[in-house]
Trainee: 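Sharing a structure with you now.
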Amino acid sequence: MANRRRSEGFGFFLPILGAILIMPPIVHLFDRGGTVFGLPIIFTYLFGVWLFLIVAAFALSRLLPRVDPEQRPERLERDREL
Amino acid sequence: MIATNLIILIALGYVVLLFALAYFSERWAKGEAGKFLRSPLIYTLAISVYCTSWTFYGAVGSAARTGYEIFTIYLGPTLVFVGWWFGLRKLVRVGRTQRITSLADLISSRFGKSSRLAVLVTLIAVIGTTPYIALQLKAITSSLNVMTLGDNVDQPGLNVDDVRLALGVAVAMAIFTILFGTRNVDAKEQHHGVVAAIAFEAIIKLIALLSIGIFVVFGLGDGFRDVFARADAAQINAFQYGGFNGRWVAMTILSAAAIICLPRQFQITVVENSNENHLRTASWAFPLYLFAMSIFTLPIAIVGTAMLPPGSDPDMFVLTLPLNFGQEGLALFAFIGGFSSATSMIIIASIALSIMVSNHIVVPIALRLPGRSGEEDGGGVTDLLLTSRRISICVILGLGFLYFWLTNGSGALARIGLISFAGVAQTLPAIIAALFWRDATAKGAGAGLFIGFVVWAYSMFLPSFEESSVWVAQWVQNGPYGIAFLKPQALFGLEGMDPLVHSVFWSLFANTIALILVSLSTSQSVLERIQSALFVDAFRRMPGIETRFMRTSAATNDLFFVAQRVLGAARAGAVFDSFAREQGRSRTSLEPTPEFIALLEKELAGSIGAASAHVMISQVVSGESISLQEVMKIADETQQVIEYSQQLEQKSEELRLTAEKLQDANAKLRELDQQKDEFLSQVSHEVRTPMTSIRSFSEILLEPEELDAGERQRFLSTIHTESLRLTQLLDEILDLSALERGEKVWTNTPVDVVSAMDRAVSVCESLARQKNMNIKRHNVPAEALVLGHADRLAQVFINLITNAIKYNDADRPFVEVRFSKTGKRLLIDFQDNGPGIAAKDRRRVFEKFARGQRGASSGQTGSGLGLAISSQIIARMKGKIELVKGEDEGACFRVSLPLYEGEA
C-alpha cells in the first residue's frame, strides 16, 4: 500500500515537474547560448528533459499498480464475439 | 522530377494497400491475430494520428521560421501522457464503463444526457476540424506539386491537377472510411481494421521522417555537431532562442488540451481503447514516438535553410532536400510519409465527426419526427444510423474539400492548425469538470462552452480571414464599427499581446469563469447527479448505482422492440439471451429488472450516444424516476459522508444507550442500597419489639419482690411466645435472604399441586376451627402436575390460607380455594370474605415487612415477610402470585403456575 501511494505520488509529481522544467523561468536558465557536446545547450536541455520524462514514465508504468480488471469483462468479451 | 501520373499511381497503390490491410485486419480481429491488433503497441501507434501532415511537413517549416516553438506541440502531449494515471486513465475508464462514443457523448452523458450540449460540442468539433481536413488536402496537393515540378516556390492558385487530386483523395478517403468505419453499428465504436491501418501509417511516417533526418544529418551534413554549426549562417536561433514567453506557455497548454479534446484523439485514445492497461505502455511509448518524430526537425530546418536556394518553402524541406540532392526514391518515400499523415488524420477525424453528427444531430431529429417511431422493421434505427453516418462522412469530407477549394491561395490555411487546437480546447474545461468536479451542472458546462467558443471565434477564427476580407481586416485594425475596445486581437484594450496568447487567454478564461459561476448558481437535475457520481467516482466501486434509480414498469416486448430497432434483430436477441441466461430464464420470460434496463440503455448508448439512448428507453420505460430523497441517498456525493456519519451516529447512539443503562444500573444500585438500609432498620425495629418485651418481663421476674406463681407463669409464657416469634422472624429473614440470593440448591421436580394443597389445608384446619370457619375447595382436579418443590409449594399455600384466616373478621368467615386452567397454566385463587386490602396497600403487599393496615389494626401479628417469601418461591417455579379482583369483596390472591406436560 505504501509503495502504491509512493508511486502514485511520483505519477502525480512527474508531469508537474516536467511542466515546470520546460516553462519559464527555469527554461531561461538554459537559453543563454553556448554548447555542450557540440550541441546547443537549450537543445540538449529540452530533449534531455523530454528523454528523462520518457524514462521516468517507463519506470513508473512498471511501478504503478495494475489496473483492476474490468467490472464485467466476460460480458464485454461476449459482446465482441457477437 | 517524377511524373505526376506515377506519383498519383503510387498514392493510389498505397491507398489500395490500406484497404487491403484494413480488410484483412477486420477479419483477423476475430481470430488469434486479434490479440496483436488489440495490443498496446497498435494502440500507441494509432494515437500518433496526432502527427498529421501539418506536423510532418509544417514542423520543419515552423522550426526554420521560429526555432524551438514547434516543440511545444509535442511537449504538451508528452506531459499529458506522462501524467496518465491522473487524467487519461480516468477518461478511459469512464469512456469504457459508460460506453462513450465521442467527445460530445462524454460531455452530454456527464451532464444529464443533455442533447443540447451534445449538439454544441458537435458543432464546435465540426467547425474546428473541417478546416483541418482542408489543411491535409492542401498538404497533399502542395507535396504533389513539389514532387512533380521540382518546384519549391510556393505557387499561388490552384491548377487542375491539384483540385483533381484533392477531390480524388477526399473521395478515396470517404470510400475507405465508409467501408471500414461504418461497417456496422458496434456495441462500442471500435474499428479494428481502421486502427490497424492507422498504426501502419504511423510506422510509415515515422520511418519516412527518420530516413530523411538521417540522410540530412549524416548524408548532407556531418553529424549533429556539424549541422548545428551551420545554424547561425542559416539565421536560426538554435543556440539562444529567446522565445520562452507567453506564447510558449500558451502553445504548450493548447497542445496538451488538443491531445485530449481533438475529436480524432478522443476517438483513438478513449473510444478505440480495448484495454485500460494499454495506457500504461502508451504513457511512455507515445512520448517516445513524438521524441523520435521531432529529434531531426531542427537539423532538417537548419540544413534546408543553409543549403537550398533562398526563397524555398521551408514547409517542403522534407521533400525538396532529397530531391535537390538527387535522392528521388527517398523523396518519394517522404511523400508517402506525408500522405500517410494526411490520410490517417482524415480517416479518423471523419469517423469521429460522423459518429457525433449522426448520434447527436441526425438521430435525435429522426427520433422526433412523427412516423419514424411506428416503424415495424427490425433494423430501422441501425439502417438510419449507418446511412446518416455515411452521409455525414461525405458531407464532412465535402466541406473539407470545399474549404480547401475556396481558401487555397490565401495564407489562411497555414494557421489553421493552432486555430483548430484553440477551438477544440474550449471543451477542455467541461471535460475536466466532468471528470473531477461533482457540482458542475449542464447549464454551467453549456455556458462555458458557448462563451469560450464565441470568444475564440471572435478573437481567433475571425481574424484568420484578415487577408481574404477587407471587412475583417478593418475590424482587426480598428475594432468593429471603430470601437477599439472590442478589437478582436486586443479585447478590452489588452494590447501588445501575441494574438494567440490573447485569444487563448480570453477564451479559456471566459469559458472557465462561466462554467464555474453558472455551475455554482444553478442546481443539478436528478439524472445529472447520478451521472456526476458515475463519472467523478469512476474509480470507486459503486455497483449497481446506475441501476437503482429506475423503478420500472416496462414490458419485455417493448424493450426488445426498441433494442431491435437500434441493434438489429441478431444483436438484440443476443443481448436479451445473455441476460436471460444470467437470470436463468428463457428470453420470453425475461424480467425487465432495473439492472437489465440500465444495461440495455448502455448497449444502445454504445451505438447512438447516451442522450438518444436515454430518450428511446424512457419512451418505453414508465415511472422511471423515484423520489429525490432516494436519489440523493444513492448518488449524492455526500453518500459516503452520510453513511459514515450515520455510522458515527449509530456508535454514539450505542454509547448513549450504554450510558443510560449505566445510569439505570446506578440508580437501581442506589435504590437497592436504600432498600437495604430500610430493610435493616425494619428488621431492627421488628426484632426490637419482642426483645423489648422479653427484656422488660425478665427484669420484672428478676425483681426481688414476690410475684405470685400465676403471674410468674404468665410472664414466663409471654417471654416464651415472644422469643418464639423472634426465632420465627429470624428464620423467615434468613429464608428470604437465601431465596433472594438464590443460594439454596433448588431443584424443580414434577409435583402434584392437589396433594400439596391437601397438606396445606390439613395444616390450617386447626387454625380455621379456632375461628370457626370453613376452607372450601372448588373444581379440584384429580391431579395437576407442575415443576416445583412440594414442601415450598405447601408453604406458599399455608401462608396464603393462614393470611386469609388470620385477617378475616367477618361474621361468617370463609376461605375458598378455586382451581382453574387457562392454556398451559394452572390458576389457583384464594378468595376470602375478609376486609380486603386497601387500595393504597395493594401495590406493596408483596414487599418485605408490609402488613395490611387493617391487619395491623386488628392486632394480628406477623412478620410481614410471608407474602414476600411466597412470591419468591412461586417465581422460582416460573409462576406468578398476584392480587386480583375476586368475586367477593374480600381479598383474592391468585397463584398461576405453568403445567407440567411430561418430559419435553
Side-chain angles (χ1 to χ4, degrees), chain A residues 7-19 21-35 37-44 46-47 49-62 64-76 78-82, chain B residues 30 68 71-72 74-75 78-87 89 93 96-97 187-188 190 223-226 228-229 231 238-245 248-249 252 256 274-277 279-281 283-285 287-288 290-291 294-295 298 539 541 543 570-571 574-575 578 599 603 606:
Chain A
S7 52
E8 281 193 338
F10 275 117
F12 187 65
F13 170 68
L14 192 62
I16 294 174
L17 175 74
L21 287 180
I22 61 162
M23 298 261 180
I26 298 267
V27 76
H28 286 307
L29 293 178
F30 299 88
D31 191 25
R32 295 181 164 167
T35 58
F37 312 124
L39 303 176
I41 289 179
I42 183 63
F43 181 85
T44 319
L46 283 180
F47 279 81
V49 169
W50 198 340
L51 207 57
F52 157 74
L53 287 176
I54 292 167
V55 172
F58 176 73
L60 265 180
S61 75
R62 324 211 125 220
L64 282 167
R66 283 264 140 193
V67 177
D68 307 333
E70 301 284 329
Q71 287 184 340
R72 274 182 293 195
E74 72 293 347
R75 174 163 292 152
L76 291 175
R78 212 186 300 145
D79 287 345
R80 210 163 282 137
E81 285 160 20
L82 292 171
Chain B
K30 290 178 180 129
Y68 287 93
F71 296 120
T72 54
Y74 303 108
L75 285 170
T78 298
L79 293 177
V80 171
F81 269 81
V82 162
W84 66 290
W85 187 259
F86 291 92
R89 190 170 68 106
R93 169 71 65 91
R96 292 181 59 75
T97 52
K188 201 167 179 293
Q190 291 190 336
F224 278 101
R225 196 184 293 238
D226 171 57
F228 277 111
F239 290 90
Q240 195 165 5
Y241 171 49
F244 298 112
N245 46 27
W248 174 270
V249 176
T252 310
S274 57
N275 185 339
E276 206 173 298
N277 277 310
L279 265 184
R280 190 177 295 271
T281 308
S283 75
W284 57 270
L288 186 64
L290 296 178
F291 184 91
S294 48
I295 187 85
L298 203 53
F539 289 125
R541 276 171 187 274
R571 261 195 60 76
V575 170
S578 82
L599 174 83
E603 290 280 344

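Naming: A, B, ... by sequence-line order, numbering from 1 per chain.
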Trainee: Need one label for B/Y68: side chain, backbone, both or neither, based on atoms under 4.5 Å from any heavy atom in chain A.
Mentor: side chain
Trainee: Listed by chain and number, what are the ring-ring contact (aromatic ring centres under 6.0 Å, His included) partners of A/F58, not counting sequence neighbours?
Mentor: B/W284
Trainee: Report the distance from atom CZ of B/R96 to atom CG of B/N275, rounding to the nearest 0.5 Å.
Mentor: 6.5 Å
Trainee: Show every donor-acceptor pair shorter than 3.5 Å between a side-chain atom in residues 10-19 of chain A and any protein atom, with sequence neighbours excluded, or say none if there are none.
Mentor:
none

Trainee: Are B/F224 and A/F37 an aromatic pair by the rule of ring centers under 6.0 Å?
Mentor: no
Trainee: Heavy-atom distance under 4.5 Å to chain A: side chain of B/L279, backbone, both or neither?
Mentor: neither
Trainee: What part of A/L64 is in contact with chain B, defined as an atom under 4.5 angstrom from a non-hydrogen atom: side chain, backbone, both or neither?
Mentor: both
Trainee: Tell me, side chain or backbone of B/T252 under 4.5 Å from chain A's heavy atoms, or both, or neither?
Mentor: side chain
Trainee: Given a strict heavy-atom distance threshold of 4.5 Å, which part of B/F244 is in contact with chain A: side chain, backbone, both, or neither?
Mentor: both
Trainee: For B/F86, which atoms come within 4.5 Å of any heavy atom of chain A: side chain, backbone, both, or neither?
Mentor: side chain
Trainee: Do A/W50 and A/F47 make the cut of ring centroids closer than 6.0 angstrom?
Mentor: yes
Trainee: Among A/L60, A/V49, A/L46, A/V55, single out the residue with the greatest number of heavy-atom pairs under 4.5 Å to chain B.
Mentor: A/L46
Trainee: So how far is it from B/L288 CG to A/L51 CG, rounded to the nearest 0.5 Å?
Mentor: 8.0 Å
Trainee: Is it the backbone or the side chain of B/T281 that comes under 4.5 Å from a heavy atom of chain A, or both, or neither?
Mentor: neither
